[in-house]
There are 2 protein chains.
Amino acid sequence: MLSIGDLSRRTGVKIPTIRYYEQMGLIAAPERTEGNQRRYTSTELQRLSFIKHARDLGLNINAIRDLAELSADPDKPCADVHSIANDHLTGIREKILRLLRLEKELQRIVRGCDTDQVGDCRVIEALCDHALCAQDH
Amino acid sequence: MLSIGDLSRRTGVKIPTIRYYEQMGLIAAPERTEGNQRRYTSTELQRLSFIKHARDLGLNINAIRDLAELSADPDKPCADVHSIANDHLTGIREKILRLLRLEKELQRIVRGCDTDQVGDCRVIEALCDHALCAQDH
DNA sequence: ATAATCTCTCTAGTAACTATAGGTTCAAGG
DNA sequence: CCTTGAACCTATAGTTACTAGAGAGATTAT
């Protein structure tokens with residue numbers, strides 16, 4: 001049996017986060033000692049590792065809850081699993097595109113300034129006037 | 001004189017957000033009518049446009065507050081302005097890199113699965129076992 | 001004058017935690 | 001067996017940048 005600290009060390013999930021996940025229903029409430037401390041089994045270790053991994057991949061808690069539910073049923077079709085993953089992938093790609101646009105624009109703005117005084121700093125100027133932008137963002 | 005609705009329409013910043021910015025000290029408290037409604041001038045229109053533009057570029061409120069303060073002083077060196085912009089640019093680039101890594105990994109995971117049943121779905125499997133990952137994330 | 005629209009304040013909710021306070025339990029050493 | 005220090009407990013509030021809603025009052029057009 002693992003204490004919450006043990007579980008934390010093994011998964012890399014911080015202790016308050018583990019309690020938070022329990023509160024959010026992502027992991028089941030574990031057994032307790034007589035003194036009311038949580039004790040975990042390897043089942044919960046696996047489950048939390050799964051969650052951690054999914055979080056590291058950027059999935060949100062709802063998506064993870066859904067995935068976890070789906071994975072409990074080995075005979076079901078896994079189309080839903082793929083759909084969650086693909087939606088997430090699409091979201092990531094959109095974010096990447098947006099950030100790339102921002103990067104370009106910011107770079108252009110910063111490079112456009114060759115003065116040392118705020119009074120004629122192109123960065124400030126560009127921020128003041130959206131019309132100076134090369135593209136949407 | 002502009003009402004808060006006018007200001008909102010002209011800047012694209014929602015009304016509650018304008019009030020929020022006032023509360024946060026990003027914009028000064030404007031004049032009021034006898035009936036206690038806010039009335040804005042073109043000064044505030046400019047300021048809010050500046051803020052909106054900076055937000056659209058992804059700058060956070062603290063950074064914007066700093067930029068706005070700096071821009072009030074035309075004789076100061078603009079090194080600090082550039083430093084804020086460059087820090088932000090660095091942050092954006094880091095985010096892009098992280099998302100690109102995530103995208104690759106997720107893509108690999110999703111493509112690796114050619115079954116239809118949850119029981120042997122590679123996506124679930126990959127999430128359960130971090131060792132199956134090709135790289136860090 | 002009245003109706004329709006706008007605005008006011010205040011509170012609470014969002015996502016996913018993190019931090020803190022004040023108290024209890026556990027495990028190891030003497 | 002007892003002590004002590006580390007680990008654990010709950011509950012509450014704070015983080016970021018808003019957004020939603022309630023209930024009341026103001027403004028504008030007809």
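Throughout, a chain's letter reflects where its sequence line sits, starting with A, and its residues are numbered from 1.
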Checklist entry - With sugar-phosphate meaning primed atoms plus P, OP1 and OP2, does B:Arg32 contact a base, only sugar-phosphate, or nothing at under 4.0 Å between heavy atoms? => result sugar-phosphate
Checklist outcome for this item: When rounded to the nearest 0.5 Å, the distance separating CG of B:Leu26 from OH of B:Tyr20 is 8.0 Å
Next on the checklist: For the CZ atom on B:Arg122, are there more than 12 heavy atoms of other groups (residues, nucleotides or ligands in this structure) within a distance under 6.0 Å?
Outcome noted: no
Checklist entry - Does atom CZ of A:Arg47 have more than 12 heavy-atom neighbours from other groups under 6.0 Å away? => result yes
Item to check | Separation of D:dC8 C1' from A:Glu34 CD (nearest whole Å) | outcome: 16 Å
Checklist entry - Roughly how far apart are A:His88 NE2 and A:Thr90 OG1, rounded to 0.5 Å? => result 10.0 Å
Next on the checklist: When you measure from the side-chain N and O atoms of A:Arg38 to the phosphate of D:dC8, is any distance below 4.0 Å, counting only OP1 and OP2?
Outcome noted: no
Checklist entry - Is there a donor in the side chain of B:Ser83 and an acceptor in the side chain of B:Asp80, or the other way round, less than 3.5 Å apart? => result no
Next on the checklist: More than 12 heavy atoms of other residues, nucleotides or ligands under 6.0 Å from CD of A:Gln46: yes or no?
Outcome noted: no
Checklist entry - When the distance from CD of B:Gln37 to C1' of C:dT5 is rounded to whole Å, what number comes out? => result 11 Å
Using atom names, set out every protein N or O paired with an N or O of nucleotides 15-19 of chain C below 3.5 Å, distance rounded to 0.1 Å.
residue	atom	partner	partner atom	Å
C:dA16	OP1	A:Ile61	N	3.4
C:dC17	OP2	A:Tyr21	OH	2.8
C:dC17	OP2	A:Arg55	NE	2.8
C:dT18	OP2	A:Thr17	OG1	3.0

Checklist entry - Is there a donor-acceptor contact under 3.5 Å from the side chain of B:Thr17 to the main chain of B:Val13? => result no
Item to check | Spacing of CG belonging to B:Asp120 relative to SG belonging to A:Cys78, to within rounding of 0.5 Å | outcome: 7.5 Å
Checklist entry - To the nearest angstrom, how far is B:Gln23 atom CD from C:dC10 atom C1'? => result 10 Å
Checklist entry - Angle, rounded to 10°, between the helical axes spanning five pairs at each terminus of the helix from C:dA1-D:dT30 to C:dG30-D:dC1? => result 10°
Next on the checklist: Is it the case that atom CD in A:Glu31 sees more than 12 heavy atoms from other parts of the structure closer than 6.0 Å?
Outcome noted: no
Next on the checklist: Does a side-chain N or O of A:Thr33 approach OP1 or OP2 of C:dT25 to a distance below 4.0 Å, or not?
Outcome noted: no
Next on the checklist: I'd like to know whether A:Tyr40 forms a side-chain contact (heavy atoms from CB on, under 4.5 Å) with A:Asp6, so could you lay out the CA-CA distance, the side-chain angles of the two residues, the decisive distance to 0.1 Å, and finally the verdict.
Outcome noted: CA-CA 9 Å; A:Tyr40 297 93; A:Asp6 295 334; over 6 Å; no
Checklist entry - In Å, rounded to the nearest 0.5 Å, how long is the span from CD1 of A:Ile92 to CD of A:Glu94? => result 11.0 Å
Checklist entry - CG of B:Asp56 versus P of D:dC18: gap in Å, rounded? => result 10 Å
Checklist entry - Got A:Glu103 and A:Leu99 here, is their nearest side-chain heavy-atom distance under 4.5 Å? => result no
Next on the checklist: Whole angstroms only, please: what is the CD1-P distance between A:Ile15 and D:dA7?
Outcome noted: 8 Å
Next on the checklist: Between A:Arg39 and B:Asn36, which residue's closest nucleotide on DNA chain D lies nearer the 5′ terminus?
Outcome noted: A:Arg39
Next on the checklist: Tell me the interatomic distance from B:Met1, atom CE, to D:dT27, atom P, rounded to whole angstroms.
Outcome noted: 13 Å
Checklist entry - Are OP1 or OP2 of D:dT27 and a side-chain N or O of B:Ser3 less than 4.0 angstrom apart? => result no
Next on the checklist: So if I take residues 80-106 of chain A and measure heavy-atom distances to DNA chain C, which residues fall below 4.0 Å?
Outcome noted: none
Checklist entry - For A:Met24 and C:dG13, what is the distance between atoms CE and C1' respectively, to the nearest whole Å? => result 13 Å
Checklist entry - Atom CZ of B:Arg19 to atom P of C:dT11: distance rounded to whole Å? => result 15 Å
